[in-house]
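Since the structure comes first, as structure tokens, the remarks are kept for the end.
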Amino acid sequence: MTLPQPTPGPLPVDRPRRLRRSAAMRSLVREHTLRPADLVLPMFVREGATEARPITSMPGVSQHSMDSLVRAAVEAVENGVGGLMLFGVPEHKDAVGSGATDPDGILNRALARLRGELGDATVVMADLCLDEFTDHGHCGVLDSDGVVDNDATLLRYREMALAQAEAGAHLLGPSGMMDGQIAAIRDALDGAGHLDVALYAYTAKYASAFFGPFREAVDSSLTGDRRSYQQDPANGREALRELALDVDEGADLVMVKPGLPYLDVLRDLAAASPVPVGAYQVSGEYAMIEAAAANGWVDRQRTVLESLLAFRRAGASTVLTYHASEVAGWFRAGLPEQLAEFR
Ligand code: PBG
């Protein structure tokens, strides 16, 4: 077999490869970068735990005890992460999620402890949702037909926001996808003088299978699904409607969740939003990378970095990821030359 012979002289084609020839040239034209300060570490704290308990479906992630939480949080901040997003796993659950509003509830105690240890050295964030605290596992309270009651839930969110603000959270992340939740929470905070507590709205949150491992992470008791309040994976347009509402209601930042399967939605929101846009690389995304890496099917470090850089390229200012502390540690130690594209 003979190769096709080129015509004499160079082909008259454009040559983008010129910009890829050397590390220096690639560095010069690189558009996006990852910084540890862009990364937010979600953390779980379990009531009554005396030591960290590994979460099987999320290798490397644990339900923390209060003490192991503080140690891991301090390490993450020393590594340079931009913030911590806290989830509580209570010992007792009930129909209205009482543990969420109790100042002695696990999440509020952990917020106070972290804020006490870390002060303003990082941004302490709290997931604002009832699902970890309800015995039915839904994000709100139920009406007599067993359907999540939007407006009754807002009353609980108002109380929960006050408890979290009083515990010292800098930023609250309402993740329940109730209509009007940002307005209700902003009103409650302002009314109590918490004018500086910011809201990071889970604006476009999809009813996603990628939340699977999170169920184990928070000992969820959910039996049904969340399709009556979270978005349909088939829809992109309604994310823009949710964005307009959340911004109008007072969101300071907005988020798309899950992350990689919804980069198109992230891109659309980033183009339209007047406030910073973030992405949440969720439990199932984390688990997939870890499982493939554990099998030797992908290069773990490169895959983690590439997936996070993708969020930045799509327009995210911040990225919530369970890899946050580890990745920040890699940057702190200095990324090797072979990973130059991520520096
Ligand atoms: C609700 C909440 C969930 C996640 C974050 N906040 C669960 C859900 O909506 O079903 C999922 C996070 C993840 O999967 O990593 N409190």
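When a ligand or atom number is given, it counts from 1 through the structure's own listing order. All values below come from the heavy atoms of this structure, side chains included, with hydrogens, waters and symmetry mates left out.
Arg300 has a carboxylate O that lies under 4.0 Å from a charged side-chain N of Glu326, or vice versa, which qualifies the two as a salt bridge. In summary, Asp131 and Arg226 engage in a salt bridge, as defined by a charged side-chain N under 4.0 Å from a carboxylate O. A salt bridge does not link Asp232 with Arg227: every distance from a Lys NZ or Arg NE/NH1/NH2 to an Asp or Glu carboxylate oxygen is 4.0 Å or more. The existence of a salt bridge linking Glu159 and Arg156 is confirmed by a sub-4.0 Å separation between a basic side-chain nitrogen and an acidic carboxylate oxygen.
Nearest protein heavy-atom neighbour of atom 8 (C) of ligand 1: Arg226 NE, 3.4 Å. The single protein non-hydrogen atom nearest to atom 9 (O) of ligand 1 is Lys205 NZ, 2.6 Å, given as residue, atom name and distance. At the shortest separation from atom 12 (C) of ligand 1 among protein heavy atoms lies Phe214 CD1, 3.3 Å. The protein heavy-atom contact nearest to atom 16 (N) of ligand 1 is Asp131 OD1, 2.6 Å. In this structure, atom 11 (C) of ligand 1 lies nearest to the protein heavy atom Lys257 NZ, 3.1 Å.
Ligand-side atoms of ligand 1 in range of Glu132: 16 (N), range being under 4.0 angstrom from any heavy atom. Every atom of ligand 1 with a heavy atom of Arg215 under 4.0 Å away is listed here by number and element: 10 (O). Annotation for ligand 1: atoms under 4.0 Å from non-hydrogen atoms of Ser175 are 1 (C), 2 (C), 6 (N), 16 (N). Those atoms of ligand 1 with a heavy atom of Cys129 less than 4.0 angstrom away are 1 (C), 16 (N).
Ligand 1 has no atom lying under 4.0 Å from any heavy atom of Glu285. Using a 4.0 Å cutoff on heavy atoms, Gln281 does not count as a contact of ligand 1. Contact between Met177 and ligand 1 is absent, with no heavy atom of the residue lying under 4.0 Å from the ligand. Residue contact annotation: Tyr322 has a non-hydrogen atom under 4.0 Å from ligand 1.
Between His323 and Tyr286, the ring-plane angle classifies as tilted under the 30° and 60° cut-offs.
For Val218, no heavy-atom contact with ligand 1 is shorter than 4.0 Å. Under 4.0 Å from ligand 1, heavy atoms of Val282 appear from its side chain as well as its backbone.
Within a 6.0 Å sphere centred on CZ of Arg15, other residues, nucleotides and ligands contribute more than 12 heavy atoms.
Both tests do not hold together for Lys205 against Tyr229: distance to the six-membered ring centre under 6.0 Å, angle to the ring axis within 45°.
For Phe214 and Phe87, the distance between ring centers is under 6.0 angstrom.
Ser307 and Gln281 share a donor-acceptor pair across their side chains, judged by distance under 3.5 Å alone.
Inclusion of Ser283 in the set of residues having an N or O under 3.5 Å from an N or O of ligand 1 is warranted.
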Return all side-chain donor-acceptor pairs below 3.5 angstrom for residues 75-83, not counting sequence neighbours, or 'none' if the list is empty.
from, atom 1, to, atom 2, distance (Å)
Asn79, OD1, Arg332, NH1, 3.2
Asn79, ND2, Ser325, O, 3.1
Asn79, ND2, Ser325, OG, 3.2

